[in-house]
Amino acid sequence: MAADLKYEISQNAYIKLVLHALKHNTTAVNGILLGRVNPQNENVVEIIDSVHLFHSNLALLPPLEIALIMIEEHYGSQGLGIVGYFHANERFDDVELGIVAKNISDHICRYFPQAAVLLLDNKKLEAVPKGKCQSPVMQGLT
Amino acid sequence: MVSKTEETQLNRLENQVDNGGGGAWEYLCLVRKLKVRRSEKVLKHGLSILNDPKKRSALGPEEWTLYEQVAIAAMDCQCLDVAKDCIKVLQKKFPESKRVGRLNGMLLEAKGSWAEAEKAYSSLLEDNSLDQIIHKRRIAMAKAQGNISEAIELLNKYLEIFMADHEAWREQAELYVSLQMYKQAAFCYEELILSQPTVPLYHLAYADVLYTLGGLENLQTAKKYYASTIDLTGGKNTRALFGICLCISAIAQVSKGRNKEDKESPELQSLAATALEKDYKQRAANKLGLLTCSLRSLKN
């Protein structure tokens, strides 16, 4: 990567994704990040909103295709594009980006090379209600 | 699989109990009957009955079933002390019980002591090698440790013995899909459709997998199965309607270079689109514009 890219995520986008993961705590979930490149500083990508996708059968193509088409239509009219992908693994101690997540995020990177991939850190999420952890519970991997 | 009416009934009961309206025992029985996973609620309401001696004795012999249900829910919520206490009570009452032995195995699982749990299950299987639940626990353990391929292998062996276990076939299909082994997942759905041809869910899932596999033949078959889903659900299945539109557009793309076979009737596309628009008008009128744009981009 050329320069250091920074990502800013809005509270709305962040909370929606985490709440979805919490609601379906027994399965993997994923979502799409929407936003744009900061018009004043092209090294900053703003993640302004998010759309959570599935909580079962994440690796099937038809629902994913329809979702992406509709998301692009809807947010395109607001001037936002797909800037990344969010994934939360099924198992508590699974910190790896699985094949499915990799494939989907690769696909997104093809259209937006600075795409961000956020993986939910389950251990940090568990610590949140106990008030121990204030930092975001996701790790960014590009 | 839970039907919509059953789910609404369950949610209504759950709301009632949550807001202090009573009916906890009814709720717990329904959860047990439908085999849904609502461990936090089960734990909360189950404990409220078990910790109240009057309510507990009112259950009579059902008390022990409740202890088992709460123990499992507690393990699911990682409240291992509660689980241990429940199991202790059951052990005292039924000292030689295999069912309690199973719960002990599950407790070891919940603690993460995989080797000990495996030992416990193997010894239980020696006495009864056809215990479905224990076989399934071993598969679940493999899955929990992240060893999906071993889970698939164990599940295959299970399915050789218990071929009629539909939920197991579904689980196998989902495991295959998660590893992107779509051909094998398709096989599982084929088995399900063969044994239960009138369940639209299997047709839909099969079509989804075929579409994901891709290739002209698979796309055409997928279209047929989306159509059969629509047939079986009386046209109400939105996913299948979308599936048809996707298939038509994908088939058109794949056969662009080839001879125009024109077996495809253009009516199907417009029929599906009209049905979708009607559906959206009824249920989400403000998203109708979004739908029309998306369908248009599919046509191109």
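Residue numbers start from 1 in every chain, and the chains themselves are labelled A, B, ... in the order their sequence lines are given, proteins ahead of strands.
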Could you tell me which portion of Asn89(A) (side chain, backbone, both or neither) has an atom closer than 4.5 angstrom to a non-hydrogen atom of chain B?
neither
Quick check on Glu6(B): does its CD atom have over 12 non-hydrogen neighbours (other residues, nucleotides or ligands) under 6.0 Å away?
yes
More than 12 heavy atoms of other residues, nucleotides or ligands under 6.0 Å from NZ of Lys224(B): yes or no?
no
Should we count OH of Tyr111(A) as having more than 12 external heavy atoms under 6.0 Å?
no
For Glu73(A) and Cys293(B) the tightest heavy-atom approach is OE1-CB, 3.2 Å
Does some side-chain heavy atom of Phe242(B) sit less than 4.5 Å from a side-chain heavy atom of Met70(A)?
yes
Tell me which of these, Ile66(A), Leu58(A), Ile69(A), Leu64(A), has more heavy-atom pairs under 4.5 Å with chain B than the rest.
Ile66(A)
Interchain contact, Leu291(B) with chain A, by part (heavy-atom threshold 4.5 Å):
both
Let me know if Glu65(A) has heavy atoms under 4.5 Å from chain B in its side chain, its backbone, both or neither.
side chain
Specify which of Pro63(A), Ala59(A), Gly98(A), Ser56(A) makes the most heavy-atom pairs with chain B at under 4.5 Å.
Ala59(A)
How far does CD1 of Ile71(A) sit from CG of Leu290(B), to the nearest 0.5 angstrom?
10.0 Å
Would you confirm whether Thr212(B), through its side chain, and Leu60(A), through its main-chain N or O, come within 3.5 Å as a donor-acceptor pair?
no
Given that the side chain runs from C-beta out, which part of Tyr176(B) has a heavy atom under 4.5 Å from chain A: side chain, backbone, both or neither?
neither
Closest non-hydrogen atoms of Tyr211(B) and Pro62(A), given as atom of the first, atom of the second and distance, are CD2-CG, 3.5 Å
Taking all non-hydrogen atoms of both residues, which atom of Gln145(B) and which atom of Arg91(A) are closest, and how far apart?
C-NE, 4.1 Å
Non-hydrogen atoms of chain A under 4.5 Å away: do they reach the side chain of Ser297(B), the backbone, both or neither?
side chain
Within 6.0 angstrom of Leu80(B) CG, more than 12 heavy atoms from elsewhere
yes
Per-residue contact mode, Glu72(A) against chain B (heavy atom under 4.5 angstrom)
neither
Chain A interface, residue from Leu179(B), Asp208(B), Leu298(B), Leu246(B) that has the most non-hydrogen pairs under 4.5 Å:
Asp208(B)
Counting only heavy atoms closer than 4.5 Å, note whether Lys287(B) contacts chain A via side chain, backbone, both or neither.
neither
Other residues, nucleotides and ligands only: do more than 12 of their heavy atoms fall within 6.0 Å of CD on Gln180(B)?
yes
Which answer fits Glu174(B), side chain, backbone, both or neither, if we ask what part of it has an atom under 4.5 Å from a heavy atom of chain A?
both
ring-ring contact (aromatic ring centres under 6.0 Å, His included) involving Tyr225(B) - partner list, sequence neighbours excluded
His203(B), Tyr206(B)
